[in-house]
Amino acid sequence: MAGKCYQDWMGSLPPALSVLPVANLAIPGSHDSFSYWVDEKSPVGPDQAASIKRFAKISLVKRLMKKWSVTQNLTFKEQLESGIRYFDLRVSSKPEEAGKEIYFIHGLYGIKVWDGLTEINKFLTQHSKEIVFLDFNHFYAMDHGHHLYLVNMMQEVFGSKLCTTDCVENITLQYLWGKKYQVLIFYHYNLWNEYLFLWSGNKMPAPWANTTNVHKLIQFLETTLTERSKRGTFHVSQAILTPTVKTIVRGLKSGLKKTLVHRNLPVILNWVKMQKPGVMGVNIITSDFVELVDFAESVIRLNDLLLISKKESS
């Protein structure tokens with residue numbers, strides 16, 4: 001279950017916050033957002049090394065891979081209902097398949113991108129004041145034709161909900177509501193400059209700690225916040241731990257959740273609760289298995305600190 005319901009939290013923010021740049025708000029996001037379902041029966045994805053592809057011909061290997069490929073339990077709809085508004089998206093074609101179909105991918109193939117986007121769009125249609133950030137940051141086995149197919153798919157699914165690019169500081173909830181925009185798409189491929197609704201990937205920096213050590217992670221998150229640009233970009237704090245090959249071998253049967261996430265989430269959540277949004281504060285914070293603790297609620301509640309700051313400065 002998705003836990004507490006925050007399906008309309010953006011529309012419920014006080015007016016004083018809806019006029020602030022969205023880059024200054026605290027927004028919960030998910031890491032490898034689509035990975036709640038991966039296909040053990042399909043070939044291993046092109047994001048994996050040749051050696052893993054060889055091993056994965058053994059069915060047991062794929063079952064073990066699934067334990068490390070899955071970083072979320074909730075579907076897009078359930079994540080949205082729990083308050084998640086930023087989605088980390090990695091996509092691929094299937095080289096062995098005819099046509100241009102695109103799938104989500106994290107070691108193993110996930111659902112079709114079309115199915116995920118239509119699920120998100122259905123939620124947005126029912127919740128007209130909620131805004132999502134879709135960050136397409138990894139592409140595999142995709143030529144220019146695949147990219148055109150994917151971008152046209154976005155237009156077909158979201159239509160007039162797509163927010164055209166603008167100065168980041170102009171993007172407030174009030175501005176988005178007035179234009180009836182609900183979707184900001186960040187695209188890390190050089191097609192972004194050919195479409196008004198594609199934001200360049202460098203507008204959504206997401207520094208990656210690449211560590212299994214929770215204390216090194218916290219130090220990294222603190223350091224990258226001090227280095228955050230004051231203007232011109234959003235910012236993602238990836239509050240996630242990344243397994244090494246040694247970590248995976250040691251916890252092969254246990255998987256990511258039991259080996260790394262469960263025991264370290266309390267420390268990560270404590271860091272989240274101590275943050276403050278604003279010009280040099282946190283903006284988007286992402287996590288694995290967002291439902292295991294009150295992650296989304298904790299991030300959303302940080303916005304109350306902006307109200308206190310406003311009262312103190314007035």
Side-chain angles (χ1 to χ4, degrees), residues 6 9-14 16-33 79-80 82-89 129-137 163 165-177 181-188 199-209 217-240 268-288 290 294-310:
Y6 283 89
W9 73 265
M10 285 181 155
S12 303
L13 286 176
L17 298 187
S18 67
V19 296
L20 292 180
V22 176
N24 294 352
L25 300 179
I27 298 166
S30 55
H31 170 239
D32 283 320
S33 310
Q79 290 182 49
L80 286 160
S82 69
I84 300 299
R85 294 293 177 268
Y86 165 91
F87 296 94
D88 165 34
L89 306 174
K129 286 194 166 184
E130 300 307 296
I131 314 299
V132 297
F133 301 81
L134 306 183
D135 192 359
F136 287 85
N137 50 54
C163 176
T165 56
D166 201 332
C167 173
V168 168
E169 281 65 41
N170 290 343
I171 307 299
T172 67
L173 289 174
Q174 287 286 1
Y175 169 84
L176 294 167
W177 295 339
Y181 292 152
Q182 291 183 269
V183 183
L184 283 80
I185 292 180
F186 299 83
Y187 209 73
H188 298 245
W199 293 68
S200 167
N202 64 20
K203 295 292 183 183
M204 186 61 81
W208 175 41
L217 170 65
I218 300 302
Q219 186 177 20
F220 178 85
L221 292 171
E222 293 285 352
T223 301
T224 50
L225 273 178
T226 64
E227 296 168 350
R228 178 186 173 186
S229 298
K230 286 186 178 181
R231 295 179 60 82
T233 70
F234 299 90
H235 183 85
V236 181
S237 297
Q238 294 198 68
I240 59 164
I268 293 171
L269 191 66
N270 281 341
W271 177 82
V272 169
K273 290 179 177 179
M274 291 168 60
Q275 298 314 297
K276 183 179 178 181
V279 175
M280 292 299 287
V282 291
N283 178 204
I284 294 161
I285 308 177
T286 60
S287 175
D288 290 323
V290 294
D294 56 342
F295 168 73
E297 178 182 8
S298 298
V299 176
I300 293 165
R301 283 188 170 180
L302 295 177
N303 291 304
D304 293 342
L305 299 173
L306 293 170
L307 286 174
I308 295 170
S309 298
K310 271 186 164 287

Given the rule in the side chain to side chain contact (heavy atoms under 4.5 Å, CB included) test, do I268 and F295 qualify, once you have shown the distances and angles that lead to the verdict?
CA-CA 9 Å; I268 293 171; F295 168 73; over 6 Å; no

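- A donor-acceptor pair under 3.5 Å is absent between the side-chain atoms of D88 and the main chain of S33, judged by distance alone.
- Atom CD of residue E169 and atom NZ of residue K230 lie 12.5 Å apart, to the nearest 0.5 angstrom.
- Closest heavy-atom contact between E222 and Q275: OE2-NE2, 3.8 Å.
- No side-chain heavy atom of D288 sits under 4.5 Å from any side-chain heavy atom of D32.
- For the side chain to side chain contact (heavy atoms under 4.5 Å, CB included) test with I171, the passing option among I131, V22, T165 is V22; the others fail.
- Taking both residues in full, the closest heavy atoms of S82 and A296 are given as O-CB, 3.2 Å, listed atom of the first, atom of the second, then distance.
- Residues T224 and S237 are not in side-chain contact: their nearest non-hydrogen atoms beyond the backbone lie 4.5 Å or more apart.
- Under the 3.5 Å distance criterion, the side-chain polar atoms of Q238 are left unmatched by any main-chain donor or acceptor of S287.
- Looking at T233 and V168, their side chains never come closer than 4.5 Å, going by heavy atoms from C-beta outward.
- Checked by atom type and distance alone, the side chain of D135 never pairs as donor or acceptor with a backbone atom of P205 at under 3.5 Å.
- Ring centers of Y86 and F234: at least 6.0 Å apart, outside the cut-off.
- When all heavy atoms of G281 and R228 are compared, the closest pair comes out as O-NH1, 2.6 Å.
- Taking all atoms of both residues into account, the shortest heavy-atom contact from L176 to C163 is CD2-SG, 3.7 Å.
- In this structure, CZ in R231 is found 5.5 Å from SG in C167, a value given to the nearest 0.5 Å.
- The backbone N or O of N202 sits less than 3.5 Å from a side-chain atom of S200, completing a donor-acceptor pair.
- Put simply, the side chain of Y6 does not reach to within 4.5 Å of the side chain of P28, judged on heavy atoms.
- Expressed to the nearest 0.5 Å, how far OG of S30 lies from CG of L89 amounts to 8.0 Å.
- Nearest heavy-atom pair, L307 versus P14, reported as atom, atom and distance to 0.1 Å: CD1-CG, 3.6 Å.
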Steps toward side chain to side chain contact (heavy atoms under 4.5 Å, CB included) verdict (W9, N303)
CA-CA 11 Å; W9 73 265; N303 291 304; 3.8 Å; yes

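- A donor-acceptor pair under 3.5 Å is formed between the side chain of R85 and the backbone N or O of L80.
- Side chains of K129 and S12 form no contact here, defined as non-hydrogen atoms less than 4.5 Å apart.
- At a cut-off of 3.5 Å, with distance as the only test, no side-chain donor of N137 or H188 sits close to an acceptor on the other residue.
- Remark: H31 NE2 to I240 CD1 distance equals 3.5 Å, nearest 0.5 Å.
- Distance check, rounded to the nearest 0.5 Å: CG of N270 to CD1 of I218 gives 9.0 Å.
- Taking the side chain as every heavy atom from C-beta outward, M10 and L25 never approach each other to under 4.5 Å.
- Of the options L225, N24, V272, L221, a side chain to side chain contact (heavy atoms under 4.5 Å, CB included) to V282 is made by L225 and by none of the others.
- Scanning all heavy atoms of the two residues, the minimum distance from T223 to T226 falls at O-OG1, 2.5 Å.
- Taking CH2 from W199 and CG from D166, the interatomic distance works out to 6.0 Å, rounded to the nearest 0.5 Å.
- Under the 4.5 Å side-chain criterion, counting only non-hydrogen atoms from C-beta, I27 is not in contact with V299.
- Of the possible polar contacts, one joining the E130 side chain to the G11 backbone as a donor-acceptor pair under 3.5 Å is found.
- Taking a 6.0 Å sphere around CD of Q219, one finds it holds 12 or fewer heavy atoms contributed by other residues, nucleotides or ligands.
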Side chain to side chain contact (heavy atoms under 4.5 Å, CB included), that's the test. Do V236 and M204 meet it? Break it down for me.
CA-CA 7 Å; V236 181; M204 186 61 81; 3.5 Å; yes

